[in-house]
Amino acid sequence: MQFAPLFPLIYRVLQPSFPNCLWTGNTNCKKIALTFDDGPHRHHTPQLLEVLDYYKIPASFFWLGVCVQQAPQIAKMVHARNHWIGLHGYDHRNFPMLSPQELKDSLEKTQAAIESACNIPGQLIRDVRPPNGFFTPNTLKLLKKWDYRPVMWSVVPEDWVRPGVNTVTQRVLNQVQNGSIIVLHDGYFGGEDVAETTAALIPKLLEQRYEFVTIKDFRF
């Protein structure tokens with residue numbers, strides 16, 4: 001069963017209820033952010049980078065620590081292109097299922113993996129996207145206490161179930177608006193199609209005169 005039709009409804013409920021998460025950018029500006037979860041991946045991420053390079057598009061990547069450790073050279077490739085990097089936890093366990101110490105360890109292990117692979121101070125990486133978008137008020141309280149910024153999304157085309165490039169592309173085009181944060185996946189689930197999907201999306205969004213920025217350009 002696919003849940004794509006529900007995500008716009010979920011967004012409209014959660015966004016005003018949890019204003020201390022970054023859900024969207026400035027709705028008065030035609031700026032949008034392409035974001036990618038669950039990487040880096042040895043094969044899918046380099047293919048995606050070729051597309052982003054071709055169109056000179058900046059993107060934001062939310063990484064799993066275990067994947068950074070498995071593909072440090074790919075992580076280094078992403079960083080070398082000045083894409084924005086955030087945390088997605090160490091191994092994709094849902095944050096509410098972790099104890100506070102386990103959650104802190106998960107984030108810090110991921111920071112350490114990124115620091116080792118990319119030679120950037122781990123403590124500078126403060127943006128966090130919870131796996132599966134699952135969080136509780138206590139999760140947000142802990143992230144704030146540890147000086148992390150929770151980053152969510154406003155357009156979720158459910159690419160990880162691989163409904164097809166055309167379907168994912170059309171879902172994004174139907175939902176995108178000023179300030180949209182679009183989430184796609186370059187990991188093991190959905191990543192097989194991510195380069196083709198991104199190549200289909202970017203020119204259509206450019207035709208609509210959207211400007212691509214990274215998450216660092218968006219504020220609460």
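Note that the numbering runs from 1 along the sequence shown for the chain. The structure presented is a predicted model; accordingly, all values stated were derived computationally and were not measured.
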Which distance, rounded to the nearest 0.5 Å, do you find between the SG of C29 and the OH of Y210?
-> 12.0 Å
Hey, any chance I85 and L143 share a hydrophobic cluster, counting ILVMFWY side chains that come within less than 4.5 Å of each other, even indirectly?
-> yes
So, Q170 and N166: side-chain donor and acceptor under 3.5 Å apart, yes or no?
-> no
CG-CE distance between D53 and M77, expressed to the nearest 0.5 angstrom = 8.0 Å
What about Y90 and L142, same hydrophobic cluster or not, with Ile/Leu/Val/Met/Phe/Trp/Tyr joined at side-chain heavy-atom distances under 4.5 Å?
-> no
Measure from the side-chain N and O atoms of T110 to the backbone N and O of G89, and report whether any donor-acceptor pair falls under 3.5 Å.
-> yes
Are M152 and L64 linked, directly or through other ILVMFWY residues, by side chains that come within less than 4.5 angstrom of each other?
-> no
CD of E196: more than 12 outside heavy atoms within 6.0 angstrom?
-> no
In terms of hydrophobic clustering (I, L, V, M, F, W, Y; side-chain heavy atoms under 4.5 Å; direct or indirect links), are V183 and V161 co-clustered?
-> yes
Side-chain donor-acceptor pairs under 3.5 Å in residues 55-63, sequence neighbours left out?
from : atom 1 : to   : atom 2 : distance (Å)
S60  : OG     : I215 : N      : 3.0

In short, salt bridge (charged side-chain N to carboxylate O under 4.0 Å, His left out) pairs touching residues 131-152 with sequence neighbours left out are D127-R149
Residue that, paired with H185, satisfies side chain to side chain donor-acceptor pair (under 3.5 Å) out of T35, D159, T197 | D159
Got more than 12 heavy atoms from elsewhere within 6.0 Å of NZ, K30?
-> yes
Between L206 and L173, is there a shared hydrophobic cluster once you connect ILVMFWY residues whose side-chain heavy atoms come closer than 4.5 Å?
-> yes
Atom pair CD1 (I125) and CD (E115), whose distance is rounded to the nearest 0.5 Å | 8.0 Å
Would you check if I202 and Y54 make a side-chain contact, meaning some heavy-atom pair closer than 4.5 Å?
-> no
Applying side-chain contact (heavy atoms from CB on, under 4.5 Å) between D186 and each of D37, L49, T45, T198, report the one that passes.
-> T45
For Q69 and A113, work out which heavy atoms get closest and say how close.
-> CG-CB, 3.8 Å
Distance (rounded to the nearest 0.5 Å) between Q175 CD and Q177 CD = 9.0 Å
Please tell me if the side chains of V51 and V194 come closer than 4.5 Å, counting only heavy atoms from C-beta onward.
-> no
